[in-house]
Amino acid sequence: MICAWAHGKAILLGEHAVVYGRPAIAVPVMARKAVVEVEQGPQGEGILIVAEDLQQRYFMGASDVDEHGQFLSAAVRGALEALVPEGPWPSLVIRVRSSVPIARGMGSGAAVSAAIARALAAYFGKEWEPETLSRLVFATEMLLHGTPSGIDNNVVAYERPIWFTKTQGARPLAVKAPFDLVIGDTGIRSRTRDAVTKVRRQWEEAPDRIERLFDAIGEVAQEGARAIMEGELARLGALMNHNQALLEALGVSSRALERLIEAARTAGAWGAKLSGSGMGGCMIALVPPEQASAIEEALRTAGAVDTILTQVQATAGDVNDSGGYHAG
Ligand code: PMV
């Protein structure tokens with residue numbers, strides 16, 4: 001039996017504006033992952049996908065599958081078409097489970113489809129280059145999001161902090177000092193597609209105002225990259241707070257998110273903001289390590305259904321001097 005996994009992700013700065021060409025920064029969330037096991041199935045029975053968390057079983061090619069089944073089947077099909085283009089495909093049992101919460105802005109779809117692709121490659125004795133894996137995951141993400149920017153598939157495939165623009169793709173970001181993030185889950189599911197559509201409508205109605213907000217978010221991401229490269233965590237926190245204000249102006253925040261954000265700041269976070277598409281889902285707080293557990297507790301008291309503490313490691317990167325990249 002073959003087993004592979006992929007981690008969740010959090011967008012640190014720049015969500016939504018990234019769909020319109022501005023830069024964004026995302027980090028892997030090593031504390032949560034999707035795990036996929038593949039084994040040979042009974043001869044002639046085709047491909048069975050077992051979604052353990054959902055307690056569902058889907059046969060590939062069956063016509064009566066729900067949205068989750070369609071997504072999982074698409075991920076399997078995409079990987080198999082790349083691995084065994086000529087066919088025939090063997091009978092397989094593919095078991096999927098994930099500790100990345102669904103529809104909370106933590107990249108659960110990207111993590112599941114990356115783990116499926118990795119497990120299937122390993123089953124055939126192969127391994128993906130991150131770029132190929134990212135492309136495969138992107139194709140499946142199109143089903144979920146409609147017009148994804150590409151940030152989720154990249155951070156999940158590269159498994160390291162990235163600087164991302166739609167035109168230039170992902171570049172590894174140098175992290176001078178490790179930092180701790182506490183993630184708080186509102187428990188409210190939010191569909192990326194809905195939030196992206198809401199922003200699109202506003203942009204159509206008031207393009208100048210929304211473009212100005214996108215520009216400001218892009219500048220925050222640019223400044224944030226510098227703060228990460230220089231290890232200036234208090235500054236990074238202040239930028240996260242500023243990004244949150246801009247996301248509120250964009251209309252994608254919510255009362256539940258703001259309650260958690262406020263609680264984290266009051267309990268000593270350097271900064272806090274929603275993460276991902278917003279309107280529900282998760283918030284993230286940049287926290288001094290010694291405050292982490294107090295902040296987690298404050299979040300739970302303020303109504304978080306789950307909290308996750310995760311560390312972003314120091315690493316070298318491509319983007320390691322402030323002249324090396326440009327917004328837009
Ligand atoms: O909610 P998530 O994690 O899927 O994040 C979406 C991020 C957006 O910028 C809102 C959309 C995108 O495709 O980048």
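Counting convention: from 1, in listed order, for ligands and their atoms alike. Bear in mind the structure is a predicted one, so any value in this text is a computation, not a measurement. All values below come from the heavy atoms of this structure, side chains included, with hydrogens, waters and symmetry mates left out.
- In this structure, the side chain of Lys166 engages the main chain of Val19 through a donor-acceptor pair within 3.5 Å.
- A donor-acceptor distance shorter than 3.5 angstrom exists from the side chain of Arg22 to the backbone of Tyr20, with no hydrogens or angles considered.
- The nearest protein atom to atom 7 (C) of ligand 1, hydrogens excluded, is given as Ile11 CD1, 3.6 Å; this is a heavy-atom distance.
- Using modelled atom types, no side-chain atom of Asn153 and backbone atom of Leu136 make a donor-acceptor pair closer than 3.5 Å.
- For Glu15, no nitrogen or oxygen atom sits less than 3.5 Å from a nitrogen or oxygen atom of ligand 1, counting backbone and side chain alike.
- Summary of contacts: the protein heavy atom closest to atom 13 (O) of ligand 1 is Ser149 N, 2.8 Å.
- Scanning all protein heavy atoms for the shortest distance to atom 6 (C) of ligand 1 gives Thr192 CG2, 3.6 Å.
- Under the 4.0 Å criterion applied to side-chain N and carboxylate O atoms, Glu297 and Arg300 are not assigned as salt-bridge partners.
- The shortest heavy-atom distance from Glu141 to ligand 1 is not under 4.0 Å.
- For atom 11 (C) of ligand 1, the nearest non-hydrogen atom of the protein is Val19 CG2, 3.7 Å.
- Panel note: side chain Glu15, backbone Gly276; a donor-acceptor pair is recorded below 3.5 Å.
- Taking a cut-off of under 4.0 Å to the non-hydrogen atoms of Val18, the atoms of ligand 1 that pass are 9 (O), 14 (O).
- Taking the charged nitrogens against the carboxylate oxygens, Glu37 and Arg97 do have a contact shorter than 4.0 Å, which makes a salt bridge.
- Among all non-hydrogen protein atoms, the one lying nearest atom 3 (O) of ligand 1 is Lys9 NZ, 2.4 Å.
- Under a 3.5 Å cut-off, the side chain of Glu296 and the backbone N or O of Val182 do not form any donor-acceptor pair.
- Against a heavy-atom cut-off of under 4.0 Å, Ile151 is close to the following atoms of ligand 1: 14 (O).
- Residues Gln244 and Ser253 bring a donor and an acceptor atom of their side chains to less than 3.5 Å of each other.
- Here the heavy atom of the protein found nearest to atom 9 (O) of ligand 1 is His16 N, 2.9 Å.
- Looking at ligand 1, you'll find an N or O of Gly105 within less than 3.5 Å of one of its N or O atoms.
- Near Asp152, meaning under 4.0 Å from any of its heavy atoms, are these atoms of ligand 1: 3 (O), 4 (O).
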